[in-house]
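To keep things clear, I will list the structure first and then write my remarks on it.
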Amino acid sequence: GRPAVPGLLLVLPLRGEALAMEADVRELRRIQGAAPGARIVLADCGLTEEARSMARYLADREDNAELVSAGEFHLGN
């Protein structure tokens, strides 16, 4: 198999209705398959309530994926 890439984050910033969210998550899943150990992060940058529910659903059904509020997402020390 491919070597694991620990700590690699595939971040998808989402806002509003995020109409392409499902297609974007599918694409990140494809990339994730080529980078074992990578995590998908759905960053809520102001989603509508309905879109947030969809993002939560997508994050829950994926391995190594999570939905975070953009305000809680920090890189670095």
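The chain is numbered in sequence order, starting from 1.
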Notebook entry, point to check: Just one of Arg56, Arg26, Arg29 clears the salt bridge (charged side-chain N to carboxylate O under 4.0 Å, His left out) bar with Glu62, so which one?
Noted result: Arg29
Which value, rounded to the nearest 0.5 Å, describes the distance between [X] atom [atom1] and [Y] atom [atom2]?
X: Asp24; Y: Leu14; atom1: CG; atom2: CG; answer: 7.5 Å
X: Leu9; Y: Leu28; atom1: CG; atom2: CG; answer: 11.5 Å
X: Leu42; Y: Glu66; atom1: CG; atom2: CD; answer: 9.0 Å
X: Arg15; Y: Asp44; atom1: CZ; atom2: CG; answer: 10.0 Å

Check: Taking everything shown except Asp63 itself, do over 12 heavy atoms lie less than 6.0 Å from its CG?
Finding: no
Margin query: Tell me if the CD atom of Glu27 is crowded by more than 12 foreign heavy atoms within 6.0 Å.
Written below: yes
Looking at every non-hydrogen atom in both residues, tell me the closest pair between [X] and [Y] and how far apart they are.
X: Pro13; Y: Val11; result: CD-O, 3.5 Å
X: Glu17; Y: Ala51; result: O-CB, 3.6 Å
X: Met21; Y: Leu12; result: O-CD2, 4.5 Å
X: Pro36; Y: Gly33; result: CD-O, 4.3 Å
X: Leu67; Y: Arg52; result: CD2-O, 4.0 Å

Next item on the list: For residues Met54 and Leu47, determine if any side-chain heavy atom of one lies less than 4.5 Å from a side-chain heavy atom of the other.
Entry: no
